[in-house]
Protein chains: 2
Amino acid sequence: MLKHERQLLIQKLVNQRGAASVNEIGEALSVSPMTVRRDLEVLDTHHALLRVHGGAQSLTMKALPELSRIQKRNLNVSEKDEVAQIAASLIQPGDIVYLGPGTTNELIAAHLLVGDVRMITNSLPVFESFQERADQFQLQLIGGSYRARSGAFIGSLANDVLSHLRTTKAFISVNGVKDNAISNANPEEGQTQRIALDNTAHRYVVADLSKLNKQDFYSFYDLSQVDRLITNPAINRNDVATYSKYTTVMTTA
Amino acid sequence: MLKHERQLLIQKLVNQRGAASVNEIGEALSVSPMTVRRDLEVLDTHHALLRVHGGAQSLTMKALPELSRIQKRNLNVSEKDEVAQIAASLIQPGDIVYLGPGTTNELIAAHLLVGDVRMITNSLPVFESFQERADQFQLQLIGGSYRARSGAFIGSLANDVLSHLRTTKAFISVNGVKDNAISNANPEEGQTQRIALDNTAHRYVVADLSKLNKQDFYSFYDLSQVDRLITNPAINRNDVATYSKYTTVMTTA
DNA sequence: TCATAAATGTTCAACTTTGTTCACGTGCAC
DNA sequence: GTGCACGTGAACAAAGTTGAACATTTATGA
C-alpha cells in the first residue's frame, strides 16, 4: 500500500468514527504504531484531522457545542445575559428572526434551545455566535458596508436587501430609550435598524437597564410601535414603569 | 506496444484504481519498474496523474476526499501566491472589484498596493483578509446563506444583490478548467459566480496550474467569455498553450 | 504529591524505491 | 553494412520509508 493511500484511509477512518487510537489504526491497517504516529503528524499539519494524545480526532464532527453552552450558562450570568435569555425564550419553531447588532444579541445563540428557526442578521459577531450551530438553524447574513466599531453591515446594500425580507420577529439592541424614542450612535446603522423593524411582525427592543432614560445621537424609531421592551429587573422599578405605558416590558423578575 | 499507448494505459489504470504502485503497473503491462518510473515522470509533468513515492495517484476529484478550506489553503501555497500577485497587479485605482471565494483570492489582499479601490466579495475569508486594511479600501460583503466549506455566501439573497451590482473587474477562482468550461464543486456557488461574471466589465479566471485540464462537478461559465486566465508558469507549457486559444493566459514567467 | 503506566519522539538499522549511468537491441537513413 | 537515434532494462549509489529499541514526556490514580 502506498504511503499516501494509507494516509487517506486513516483520515477516512478517523472521520467515520469521530476518533481513533494509534493502536486501533495500526491494527486496522497492519502497520506499526510508529508509522501511524508519523502519518498522524502529517495529517495534522495538513489539518486533515486533529492529533491528540493517544490517537486522533475528526475535525468535521463538532462534538462539544452542548458542553460549552452549559459551561457558559454556569459562568457569570451578566445582566446582558439575563436579557438575552428572555429574548431567546420568545423565539419559537417556524420563526424567521432578525437579530440586529449588539452584544446582547450575540448572547442569544447560547440560550436558544428550539430548532427550525431561520436567523437573519447584519452583524458579523452575531453571525459568528450562531456559526458553530449552523446545522441547527438556517443562517443568513445581510451584507453591505462594514462598520468595524459595531461589527454591523450597513449602507444601501444592506438596506436594499433588508427591505425585501419579511421576518416574524426582530430583536433590536439599542443604546438609549427615552421619551418614547429609541436611539443609537450611528445614523446609518439606525436607518438599517428602522428598515428591519418596518418589515417584521413582532418588534422587540432589547436594552439592559443602563440604557433606560438615556438618549444617543440618532433616534430611529417610536417606542409606541414596539411590541415589547426587554430589559432586566430594576433595583428601582421606576424606570421600567415609565416605559410600560408605551409597550410591554419584560424582565426576569 | 508504443510508448505513448502504454502511458495512456497507465493513466487509465491509475484513474480506475485511484492509486497504483510501480510494481503493480509493471506486472500489469509486462515492463520493468524502471520503464514504469520513466512513464510516471512524463505523466506527472503533464498533470495526468500525481507521482508519489512507490507509485502514482489519480488526480480525478472523486478519488480525493473533499478537502476543507484549511486543507486547500495549505496546498500549493507558493503557486497560489504567485497567481495572486499577478491578479493584484491588474487592479487599478478607481476599480470596483469583485473577488469570489477561494484560497487564491484570499491572498490578493497581501499583494494589493494601490488604494482607491472598491472591493466586493461574497467570501468571509476574503472579507477578513481585507479587514485589517479597511481604511485603505471600500469594502463590501455580499451576504446570503453561508456555505462553511468554502466560506462563501450564496443562495437567492446573494444572487439578488450581486445581480444589481456592476463591477469593473471580477476575479473568479475555480476548481477546474477543461474543454472551454470552468467548473467547481458546488452548483449554488457556481450560480453565484456566474452572476458575478455576467455583471462585470473584465472577467478574470484565477487557477493555479494544478487546476488545468481538470473538471469538477458543476460547469458554470464558458472560457471563451473570459478575458484572461491567470495561472502560474508551467514546467511544461503544453497545458497553458492549450487554453491560450480561448483567452489570454497570464503567467509569472 | 508522587508513582506508575502509557504514549511519544529520537535514533538507528534493515529494507524499499528512486535516479543515474551504461549496455544492449531495434529500426531507420545513408 | 554502418552510423545514429531511441527505447529499454540492469547495476548501483542515493534517498526515502519502516519498525524496533530506548529515553523522554504525558496522563492517571493512589
Side-chain angles (χ1 to χ4, degrees), chain A residues 1-59 61 63-64 67-68 71, chain B residues 1-59 63-65 71 74-78 209-210 234-238:
Chain A
M1 195 192 325
L2 300 176
K3 186 175 76 155
H4 203 262
E5 213 176 341
R6 187 184 60 227
Q7 291 173 350
L8 285 178
L9 284 174
I10 292 178
Q11 183 181 355
K12 208 165 148 188
L13 183 76
V14 170
N15 277 332
Q16 267 175 6
R17 314 205 347 201
S21 75
V22 169
N23 288 333
E24 280 169 0
I25 297 169
E27 278 180 39
L29 303 186
S30 304
V31 290
S32 72
M34 193 58 237
T35 301
V36 174
R37 264 181 238 121
R38 282 190 269 244
D39 283 344
L40 290 182
E41 191 188 343
V42 171
L43 291 167
D44 180 73
T45 57
H46 285 63
H47 300 279
L49 46 70
L50 180 67
R51 185 90 175 78
V52 293
H53 195 90
Q57 211 182 318
S58 169
L59 282 172
M61 288 179 74
L64 309 167
L67 281 178
S68 65
Q71 282 176 330
Chain B
M1 195 192 323
L2 297 175
K3 188 175 73 154
H4 191 251
E5 203 179 344
R6 188 183 59 229
Q7 290 174 351
L8 285 178
L9 284 173
I10 292 177
Q11 182 180 356
K12 205 167 152 188
L13 182 75
V14 170
N15 278 331
Q16 266 174 5
R17 316 212 335 209
S21 75
V22 169
N23 288 334
E24 281 169 0
I25 298 170
E27 279 179 38
L29 303 186
S30 304
V31 290
S32 73
M34 193 58 239
T35 302
V36 175
R37 263 181 242 124
R38 282 191 269 245
D39 284 343
L40 290 182
E41 191 188 345
V42 172
L43 291 167
D44 180 71
T45 57
H46 284 69
H47 301 282
L49 46 70
L50 181 68
R51 185 91 175 76
V52 294
H53 194 92
Q57 212 191 323
S58 168
L59 280 171
L64 293 168
Q71 280 178 279
N74 290 332
L75 225 54
N76 305 327
V77 174
S78 62
L209 254 188
S210 67
I235 303 164
N236 174 329
R237 299 288 289 257
N238 287 345

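The analysis underlying the following values was restricted to heavy atoms, covering all of them including side chains, and did not include hydrogens, waters or symmetry mates. Computed from a predicted structure; not experimentally measured. Just so it is clear: chains get the letters A, B, ... in the order the sequence lines come, proteins before strands, and each one is counted from 1.
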D:dT8 phosphate, OP1 or OP2, under 4.0 Å from B:Thr35 side-chain N/O: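 It does not, given that no N or O in the side chain of B:Thr35 lies less than 4.0 Å from OP1 or OP2 of D:dT8.
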Is any side-chain N or O of B:Arg51 closer than 4.0 Å to OP1 or OP2 of C:dG19?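 Looking at the OP1 and OP2 atoms of C:dG19, one of them is under 4.0 Å from a side-chain N or O of B:Arg51.
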Could you tell me whether the side chain of B:Arg6 has a donor or acceptor atom within less than 3.5 Å of a complementary atom in the base of D:dG7? no
For D:dG9, does the base pair up with any side-chain atom of B:Arg37 as donor and acceptor (N or O, under 3.5 Å, distance only)?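 There is none.
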Atom-to-atom span, [atom1] of [X] to [atom2] of [N] - whole angstrom:
{"X": "A:Glu5", "N": "C:dT17", "atom1": "CD", "atom2": "P", "result": "13 Å"}
{"X": "B:Gln7", "N": "D:dT8", "atom1": "CD", "atom2": "P", "result": "9 Å"}
{"X": "B:Asp39", "N": "D:dC6", "atom1": "CG", "atom2": "P", "result": "17 Å"}
{"X": "A:Met1", "N": "D:dG19", "atom1": "CE", "atom2": "P", "result": "10 Å"}
{"X": "A:Leu2", "N": "D:dT18", "atom1": "CG", "atom2": "P", "result": "10 Å"}
{"X": "B:Glu24", "N": "C:dT16", "atom1": "CD", "atom2": "P", "result": "16 Å"}
{"X": "B:Lys3", "N": "D:dG9", "atom1": "NZ", "atom2": "P", "result": "13 Å"}
{"X": "A:Asp44", "N": "C:dA7", "atom1": "CG", "atom2": "P", "result": "18 Å"}

Show the numbers, then the answer: is there a side-chain contact (heavy atoms from CB on, under 4.5 Å) between B:Glu24 and B:Leu13? CA-CA 10 Å; B:Glu24 281 169 0; B:Leu13 182 75; 5.9 Å; no
Which distance, rounded to the nearest 0.5 Å, do you find between the OG of B:Ser58 and the CG of B:Leu50? 9.5 Å
How far does OG of B:Ser21 sit from CE of A:Met1, to the nearest 0.5 angstrom?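 Result: 11.5 Å between the selected atoms.
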Give B:Gly55 one of three labels, base, sugar-phosphate or nothing, depending on what nucleic acid heavy atoms sit under 4.0 Å from its own.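 If one applies the 4.0 Å heavy-atom cut-off, B:Gly55 turns out to touch the sugar-phosphate alone, with no base involved.
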Mind checking A:Val52 for me? I need base, sugar-phosphate or nothing, with any heavy atom below 4.0 Å counting as a touch.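 Touches sugar-phosphate only.
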Stepwise side-chain contact (heavy atoms from CB on, under 4.5 Å) test for B:Thr45 and B:Arg51: CA-CA 9 Å; B:Thr45 57; B:Arg51 185 91 175 76; over 6 Å; no
Going by the side-chain contact (heavy atoms from CB on, under 4.5 Å) test, name the single residue among A:His4, A:Gln11, A:Lys3 that passes it with A:Asp39.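 Between A:Asp39 and the candidates, side-chain contact (heavy atoms from CB on, under 4.5 Å) is satisfied uniquely by A:Lys3.
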Of the listed nucleotides [options], the one nearest the side chain of [X]:
{"X": "A:Ser32", "options": "D:dT8, C:dG9, D:dA20", "result": "D:dA20"}
{"X": "B:Val31", "options": "D:dG19, D:dG9, D:dT18", "result": "D:dG9"}
{"X": "A:Arg38", "options": "D:dG7, C:dT17, C:dT11", "result": "C:dT11"}

Please tell me which of A:Met34 and A:His53 maps to the more 5' nucleotide of DNA chain C, matching each residue to the nucleotide holding its nearest heavy atom.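 Looking at the nearest nucleotide for each, A:His53 comes out on the 5' side.
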